[in-house]
Each structure stands twice: as C-alpha cells, then as structure tokens.
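Have a look at the structure below before the remarks.
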Amino acid sequence: MEDQLVLAVATALATKGAEAFGAGAREAIGSLFRLVRERFGTGTRESVVLDGAVEHPEEQWRHTALASALAEVMARDPQFATALTDEWRRLAGSGVIAGQGQVINHFSGTAGKVVQARDVRGDIVF
C-alpha cells in the first residue's frame, strides 16, 4: 500500500473513530477499525498509537504516527496488508470513505448555513 493510502487509512481511523454520534461514520468504518484493532491487539506500542490518534484526532502528528505503525505492521504481515487494502478499497467503492481525489460530504445536525465543497477558489459569501 502506498504511503498516501496508509496515511488516508490512518486519518480515517483517527477522525471517524473519534466521532461518537451513533450510526455515523464510526460505525460505517467499523470493519476497518476492528481489523486494525484486532491486529494491533491491546497493550502494544501500535495500540497505544491507535488509541492516541482516536482520542486526539485534531493532532495531525498522531495521524502520521498511526500511518507509520500501520506501514510497519503491514511490512511484517503481508496477509494483514492485503486484508487492510481490500477493506479500504471495499469502503471506498461503496462511498463510505473517499478515495484519492474524491469527496464525500456528510452533514448531521442543525445549522443556519452549511457549505460542503471540495475545491473552492475564491470567497464564499452568504
């Protein structure tokens, strides 16, 4: 799996794993999260990195640390690497997560004004 995809997986795990709104994206990527959690186990260096990324999704360095942990485990365990890649592609194909260059907008709740966009060039004025 190339570095960008590993980072995308790590970012999805950190940000979506941190969301606590019931049937939201956390449950949608639950299979990916469970796959990683099972492989990382508990009490391992990798599990500490995963937990830190989920607990502090706003800290970008944790996404990078999780990506490094994923890449290391994938290099040692080709079966895990294949399973993770296959699950990522399955989720990307189903529209649950965005693949490279794609955008999936989701809004839940209430707001006076909401903008969902991919590429914005210039100002947004209401």
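Only a predicted model underlies this, so the values are computations on that prediction, with no experimental measurement involved.
By the 4.5 Å heavy-atom criterion applied to side chains, R89 and T85 are counted as neighbours. Counting heavy atoms from C-beta on, the side chains of E72 and R45 come closer than 4.5 Å. When side chains are defined from C-beta on, L66 does not count as touching V54, because their heavy atoms never get closer than 4.5 Å. Taking 4.5 Å as the limit, some side-chain heavy atom of D51 sits within range of a side-chain heavy atom of R37.
To the nearest 0.5 Å, atoms CG (L84) and CG (L70) are separated by 6.0 Å. Here the CG-CG distance, from L35 to D86, works out to 10.0 Å after rounding to the nearest 0.5 Å.
Other residues, nucleotides and ligands place no more than 12 heavy atoms under 6.0 Å from the CD atom of Q79.
Comment: E87 does not engage R39 in a salt bridge, judged by the lack of any side-chain N to carboxylate O separation of less than 4.0 angstrom.
With sequence neighbours excluded, the residues forming a side-chain contact (heavy atoms from CB on, under 4.5 Å) with R62 are A53, H56, E59, listed by chain and number.
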Test side-chain contact (heavy atoms from CB on, under 4.5 Å) applied to V48 and F40, step by step: CA-CA 9 Å; V48 170; F40 280 10; over 6 Å; no
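Listed here is the closest heavy atom pair of H63 and L7: O-CD1, 3.9 Å. The two residues W88 and A12 make their nearest non-hydrogen contact at CZ3-CB, 3.8 Å. Residues A14 and P57 come closest through the heavy atom pair O-CB, 3.5 Å.
S47 and T44 share a side-chain donor-acceptor pair at under 3.5 Å.
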